[in-house]
Student: 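Quick one: the structure is below, questions incoming.
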Amino acid sequence: MRRFFIALYLCRPQRSYGIFRFLITVFLLFRRRPNWLLWRPLEPAALVGTVRSLGASFLKLAQVLATRADFFDEDYLLELRQLHDRMPAMCEIHRERAFRRAFPDPEVFSVFDQVPLASASIGQVHKATLRKSGEVVAVKLLRDNIQFQVRVDILLLTLFLKVLRPLFTDQTRNSIEAVLQAFSRVIKQEVSMRQELANLELFRQVYGASGVRFPVPYPDYCSDDALVMSFEEGVRFDDVAEMAKLEVGFAELMQQLVTFYTEQMLVKGLFHADPHPGNLLVSPAGELILLDFGMVSRIPQSMRMAMIYAVKAAYERDFDLLVSATRKMGILTEESDPAALSSVAEQLFEIFDSVHLDASSMQELAFGVLDVLHDQPFKLPQDVIYVMRVSSLIEGLGTRYIENFNGIKDVLPILRHNLPRALGEDGISLETLRREFLQLPMTAIKTRRLVELAEKGELVVRMAQADRKYLLVRLENNLRALGWLLFFLAMGFYFQRVPQPWATPLSAAFLMIAPLTLLKRR
């Protein structure tokens, strides 16, 4: 019964209208339309105010949208990026209810601080002491009813998108639906402490030798409503004054951070997608500490290889390799205009070569490239969005300490240095040479088999998903046009055989329409 009333409150007319205005604004901004019927897009400040009023789910969705420079103009992005999930702490009643649900036996803690260390949209973190061992721990406690609220909000979003579906073109609909799917997947992970526990344990296993420190979880005390882990003390990465007191070399820390994320994005594929300053600490001994594993993504091998070659192309100023890599990432299709892409690449490489390159010029460049690409058949896959978001966050941290810091001039050399390791070419040992030598007969057999298949006409060539989709759409459109052509021709010849005075002009009309279908298709 209590959940029924919560659902009624979440679906109240005022809030439902706010969701509708939010989606209409996204639709109009993406389509670059000034209005639809009686509605115009909300102004940036009004959009942010609406998001705040809609609550935690839409706050998370707006944070995802704030990475989509292909959706919004700079004014909107600046406002959306100011959204943070620092929220007021739960009231005492809600906190006690959430605590009792997570810990049926409250005696597990000898001390539990009632005032949270941090309070976000999904949960809040408290400092506590385990009664059994006396260890100081951090307890991440989910907000009361947040899981149910998220499910209701996802249902409302899906319902509104179905209602508004006729308004969207295929490109708009696919892009927005992709964002919604990614958002739904991520937020469902964030409201499950068991999932975050699994992410943390996996990170400790995969990146244990990275030199970055992670909290130690206490699985026996964890549940779907709470995560108990070691209490980590350190200075926020963006706290310039406190960092200066540590007397830690920032350049070395920055190189370690970039190397660690290179390992995640290009080598291992297990990816921490939310490295904002609150999740990055520096210990008094100068160790990097990474917190909050609610947003963890996996980057497929094909996407990682495409990103590796994109980095290689950017460093070597290789236009053909850059276009090939972006196509493999699913950003560009065969419909893209080569002349426009060539112009964009020339602008990119010209700015890369500038000794005066800084963060502001990079931002202007990014918006200029997106303006050019907006008229091209392109999209930004969610894996690319996460990488862009992490890159911009790392660049933002760098600008706090190094004047004229930017992701190309300062980060690209580190990425290039790690390319051999990402490609598996970081060293040629005797064992590697021996293994490759033993593989030579098999390579010769495979080459012979390839030639035989080509001679028989049985050679199968796999294409990128975006290219397959493009060719299938073109084939579908051509077949549809051919079908209409045959229909009009058949009707034209049929009415020529009808012995009625009205049949002759009708036959002529059908025969005139038939070639128009080809002209329209062309």
Side-chain angles (χ1 to χ4, degrees), residues 1-31 33-66 68 71-73 75-95 97-98 119-124 142-168 172-173 176-177 179-184 186-188 190-191:
M1 182 61 69
R2 183 163 153 267
R3 288 195 169 185
F4 173 75
F5 285 111
I6 292 173
L8 282 181
Y9 179 74
L10 293 174
C11 299
R12 64 191 187 277
Q14 182 181 3
R15 190 170 186 269
S16 297
Y17 180 71
I19 297 172
F20 172 78
R21 290 291 284 122
F22 171 79
L23 289 175
I24 284 291
T25 298
V26 173
F27 160 70
L28 292 174
L29 292 174
F30 183 76
R31 293 293 307 278
R33 288 177 56 174
N35 59 70
W36 178 71
L37 298 179
L38 302 176
W39 291 282
R40 298 177 61 85
L42 294 168
E43 293 297 319
L47 178 62
V48 169
T50 300
V51 168
R52 286 199 174 104
S53 70
L54 293 175
S57 304
F58 290 88
L59 186 65
K60 289 290 180 184
L61 177 56
Q63 289 174 341
V64 173
L65 291 174
R68 301 303 300 248
F71 278 16
F72 298 104
D73 294 330
D75 292 342
Y76 282 92
L77 290 176
L78 288 174
E79 286 287 339
L80 288 171
R81 285 168 183 162
Q82 293 176 16
L83 280 172
H84 52 73
D85 54 3
R86 291 192 295 273
M87 302 284 285
M90 286 186 279
C91 67
E92 185 177 354
I93 295 175
H94 288 175
R95 187 191 67 243
R97 187 185 295 147
S119 182
S121 56
I122 299 298
Q124 57 191 44
L142 269 187
R143 285 184 176 271
D144 192 32
N145 292 313
I146 190 65
Q147 293 176 323
F148 180 69
Q149 179 181 334
V150 163
R151 289 199 297 270
V152 172
D153 286 343
I154 290 174
L155 183 64
L156 286 172
L157 271 171
T158 305
L159 176 64
F160 272 110
L161 277 179
K162 286 183 178 178
V163 171
L164 298 174
R165 192 180 183 90
L167 304 179
F168 296 94
T172 312
R173 181 167 61 248
I176 293 178
E177 285 179 350
V179 171
L180 179 59
Q181 289 171 3
F183 158 73
S184 302
V186 166
I187 198 168
K188 284 177 182 176
E190 285 206 66
V191 295

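Below, all heavy atoms of this structure are taken into account, side chains as well, without hydrogens, waters or symmetry copies.
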Student: Taking it one step at a time, do F58 and I19 satisfy side chain to side chain contact (heavy atoms under 4.5 Å, CB included)?
Tutor: CA-CA 9 Å; F58 290 88; I19 297 172; 3.6 Å; yes

Student: Of all the heavy-atom pairs spanning P41 and P34, show the shortest one and how long it is.
Tutor: CD-O, 3.2 Å

Student: Counting only pairs under 3.5 Å, give me each side-chain donor-acceptor contact of residues 149-161, with atom names and distances, residues two or more places apart or in other chains.
Tutor:
from: D153; atom 1: OD1; to: R15; atom 2: NH1; distance (Å): 3.0
from: D153; atom 1: OD1; to: R15; atom 2: NH2; distance (Å): 3.0
from: D153; atom 1: OD2; to: R15; atom 2: NH2; distance (Å): 3.2
from: D153; atom 1: OD2; to: S57; atom 2: OG; distance (Å): 2.8
from: T158; atom 1: OG1; to: I154; atom 2: O; distance (Å): 2.8

Student: For R97 and D144, work out which heavy atoms get closest and say how close.
Tutor: NH1-OD2, 2.6 Å

Student: Considering residues at least two apart in sequence or located in another chain, which fulfil the side-chain contact (heavy atoms from CB on, under 4.5 Å) criterion with E92?
Tutor: R95, E96

Student: Heavy atoms only: give me the nearest C11-S16 pair and the separation to one decimal.
Tutor: O-OG, 3.1 Å

Student: For I122 versus I146, what's the shortest heavy-atom pair and its separation?
Tutor: O-CG2, 4.0 Å

Student: If every non-hydrogen atom of A89 is compared with every non-hydrogen atom of Q124, which pair is closest and at what distance?
Tutor: CA-OE1, 3.5 Å

Student: Hey, could you give me the CG/CG distance between L47 and L80, rounded to the nearest 0.5 Å?
Tutor: 5.5 Å

Student: Got a second to check how far L28's CG is from L42's CG, nearest 0.5 Å?
Tutor: 9.5 Å

Student: Quick one: CZ on R143 to OG on S121, what's the gap to the nearest 0.5 Å?
Tutor: 7.5 Å

Student: Kindly compute the distance separating OG1 (T50) from CZ (F20), expressed to the nearest 0.5 Å.
Tutor: 13.0 Å

Student: Does atom CD1 (I93) have a neighbourhood of more than 12 heavy atoms from anything else shown, all under 6.0 Å?
Tutor: no

Student: With P44, which residues qualify under side-chain contact (heavy atoms from CB on, under 4.5 Å), at least two apart?
Tutor: D75, Y76, E79

